[in-house]
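Presented below is the structure to which this report refers.
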Amino acid sequence: MQTQSSKKMYVKAWIMLGLGIAVLSAFIVVLGGLRFWETLTPYSIYFKSVKDLTPGQPVKYGGLSVGRIESIVVDPANPGRLRVDIGIKERFPLYQGTVASISQKGLVGDYYIYLELRGHAGEKLTKDAVIPAEESISMQQLAAEVGQLFEELKPKLVNIAQGIESLVESLNTADLNTTLANAPKLIDEATQTVVSVRQDFSNLVLRANTLGDRVDGSLDIMDNSVVELKNDVKKTLASLRTQLDNAGKLVNSLDESVAFDQEQVETILLNVEKATRDLKFLMQRLRERPWEIIIAPK
């Protein structure tokens with residue numbers, strides 16, 4: 001009786017051990033995303049860089065897991081790019097207009113391939129078709145580009161600040177205001193002087209006709225003096241216009257630099273907004289269904 005009981009215990013123990021190994025194996029297969037019984041349709045994608053992608057990682061379409069990465073190899077026809085072979089569930093169709101990109105789960109999560117339909121759906125993709133790739137920027141690359149952008153902007157901003165500071169310097173501003181204020185007054189005084197001189201010499205001619213020739217000569221001399229005075233005034237005004245034109249060019253350069261840098265900053269902000277939206281969706285998904293971290297949804 002004791003011998004038969006011991007045999008039964010051993011049999012039960014081996015049965016439990018076998019069941020435990022089977023459950024553990026099934027758990028590892030399910031957790032690893034392996035589906036040996038699934039029939040997958042092969043497609044290819046070409047990337048310049050696959051970042052940290054590895055075979056077996058998921059392929060998602062609109063947030064749904066629709067396949068996995070089968071292999072990653074260097075393209076024999078073009079060693080400058082990599083060919084990623086993926087398998088999509090047989091009952092999940094893909095259409096022309098679908099674009100592939102490399103995305104990341106959150107900020108420090110694993111990478112995966114994200115499929116998205118752009119525009120209207122075309123014809124259904126056939127087996128072994130090539131899906132167009134879209135290069136995406138990671139958070140590390142985004143941070144590096146932001147740092148490089150600020151490094152490039154720093155000398156420009158310093159030059160602009162120095163130019164504006166020199167332009168609005170108190171001494172230059174005072175000299176410019178003084179010159180502009182005195183220019184009309186100088187012209188008025190010169191005009192009044194010429195008129196007064198002409199009147200004086202006209203009266204003198206009326207009184208003494210014999211001095212007419214001398215008066216004419218004196219008037220010519222005065223006219224020449226007035227012409228020279230006007231030329232000097234014109235040169236002064238031309239110099240002022242040149243200074244104002246230089247100031248205008250400096251302001252235009254500032255506007256162009258700010259407009260160019262603003263476009264780059266807007267592009268970076270759009271990428272940050274997209275990454276934030278993906279992170280928000282992931283956190284909402286984890287709050288609603290935290291068990292999906294262990295068991296992938298069907």
Side-chain angles (χ1 to χ4, degrees), residues 1-47 49-76 82-94 98 100-116 125-131 133 136 138-140 275 278-298:
M1 292 296 292
Q2 292 180 354
T3 303
Q4 293 179 356
S5 177
S6 298
K7 289 182 179 180
K8 290 182 180 180
M9 293 296 295
Y10 276 114
V11 170
K12 291 181 180 180
W14 281 108
I15 292 175
M16 293 300 296
L17 180 61
L19 289 175
I21 293 174
V23 172
L24 180 61
S25 301
F27 180 77
I28 293 174
V29 170
V30 173
L31 186 61
L34 301 178
R35 302 290 188 274
F36 300 106
W37 57 90
E38 289 182 345
T39 302
L40 302 178
T41 304
Y43 298 96
S44 297
I45 309 170
Y46 292 94
F47 291 103
S49 173
V50 295
K51 299 177 182 177
D52 290 334
L53 285 180
T54 57
Q57 289 181 322
V59 177
K60 295 188 178 183
Y61 183 94
L64 298 176
S65 181
V66 297
R68 62 175 178 268
I69 299 174
E70 297 291 342
S71 64
I72 301 175
V73 296
V74 178
D75 183 16
L82 301 172
R83 188 187 72 199
V84 179
D85 297 325
I86 63 173
I88 303 298
K89 294 179 182 179
E90 187 177 16
R91 295 183 180 180
F92 192 88
L94 295 178
T98 302
S101 62
I102 299 176
S103 186
Q104 186 179 14
K105 295 179 180 179
L107 298 177
V108 294
D110 295 333
Y111 288 93
Y112 63 92
I113 292 181
Y114 182 77
L115 302 179
E116 183 180 6
L125 293 179
T126 59
K127 181 180 178 181
D128 295 324
V130 176
I131 300 175
S136 59
S138 63
M139 296 302 297
Q140 293 82 359
D278 293 341
L279 179 60
K280 182 179 179 182
F281 173 78
L282 176 62
M283 296 304 296
Q284 182 179 1
R285 188 73 175 181
L286 291 177
R287 285 197 301 268
E288 293 176 354
R289 301 186 177 188
W291 60 83
E292 291 184 357
I293 300 176
I294 301 176
I295 302 176
K298 295 183 180 179

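Everything numeric here is computed off the predicted structure, so don't read it as measured data.
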Which distance, rounded to the nearest 0.5 Å, do you find between the CG of Leu53 and the CG of Leu82? 10.0 Å
Give me the atom names and distance for the closest heavy-atom approach of Gly87 to Glu70. N-CG, 3.7 Å
Please test Ile69 against Val59 for side-chain contact (heavy atoms from CB on, under 4.5 Å), starting from the C-alpha separation and ending with a verdict. CA-CA 7 Å; Ile69 299 174; Val59 177; 4.2 Å; yes
Just so I know, are the side chains of Ile15 and Lys12 near enough to count as touching, which here means a heavy-atom distance under 4.5 Å? no
What is the minimum heavy-atom distance between Ala133 and Phe47, and which atoms define it? CB-CE2, 3.6 Å
Rounded distance (nearest 0.5 Å) linking atom OG1 of Thr39 with atom CZ of Arg91: 9.5 Å
Check whether NZ of the Lys or CZ of the Arg Lys60 lies under 6.0 Å from the centre of the six-membered ring of Tyr112 and within 45 degrees of that ring's axis. yes
Output, in order, the C-alpha distance, side-chain angles, deciding distance and verdict of side-chain contact (heavy atoms from CB on, under 4.5 Å) for Ile113 and Val84. CA-CA 10 Å; Ile113 292 181; Val84 179; 3.7 Å; yes
What pairs with Tyr61 under ring pair (Phe, Tyr, Trp, His ring centres under 6.0 Å), at least two apart in sequence or on another chain? Phe92
What pair of heavy atoms forms the shortest contact from Gln57 to Asp110, and how long is it? NE2-CB, 4.1 Å
Please examine the side chains of Ile45 and Val130, heavy atoms only from C-beta on, and report whether any two atoms are closer than 4.5 Å. no
Output the distance between atom CD1 (Ile86) and atom CD1 (Ile72), rounded to the nearest 0.5 Å. 11.0 Å
With side chains defined as the heavy atoms from C-beta onward, is the minimum distance between Tyr46 and Asp75 less than 4.5 Å? yes
As a quick check of understanding, evaluate side-chain contact (heavy atoms from CB on, under 4.5 Å) for Tyr43 and Leu94, giving each step before the final call. CA-CA 10 Å; Tyr43 298 96; Leu94 295 178; 4.0 Å; yes
Closest non-hydrogen atoms of Ser71 and Pro55, given as atom of the first, atom of the second and distance, are CA-CG, 4.3 Å
Side-chain heavy atoms of Ile102 within contact of Asp52, under 4.5 Å: no
From Asp278 CG over to Gln104 CD, what is the distance, rounded to the nearest 0.5 angstrom? 10.0 Å
Determine whether Leu40 and Arg68 satisfy the following criterion, side-chain contact (heavy atoms from CB on, under 4.5 Å), listing intermediate values before the conclusion. CA-CA 9 Å; Leu40 302 178; Arg68 62 175 178 268; 3.5 Å; yes
Does the distance from a Lys or Arg side-chain N to an Asp or Glu carboxylate O, for Arg83 and Asp85, drop under 4.0 Å? yes
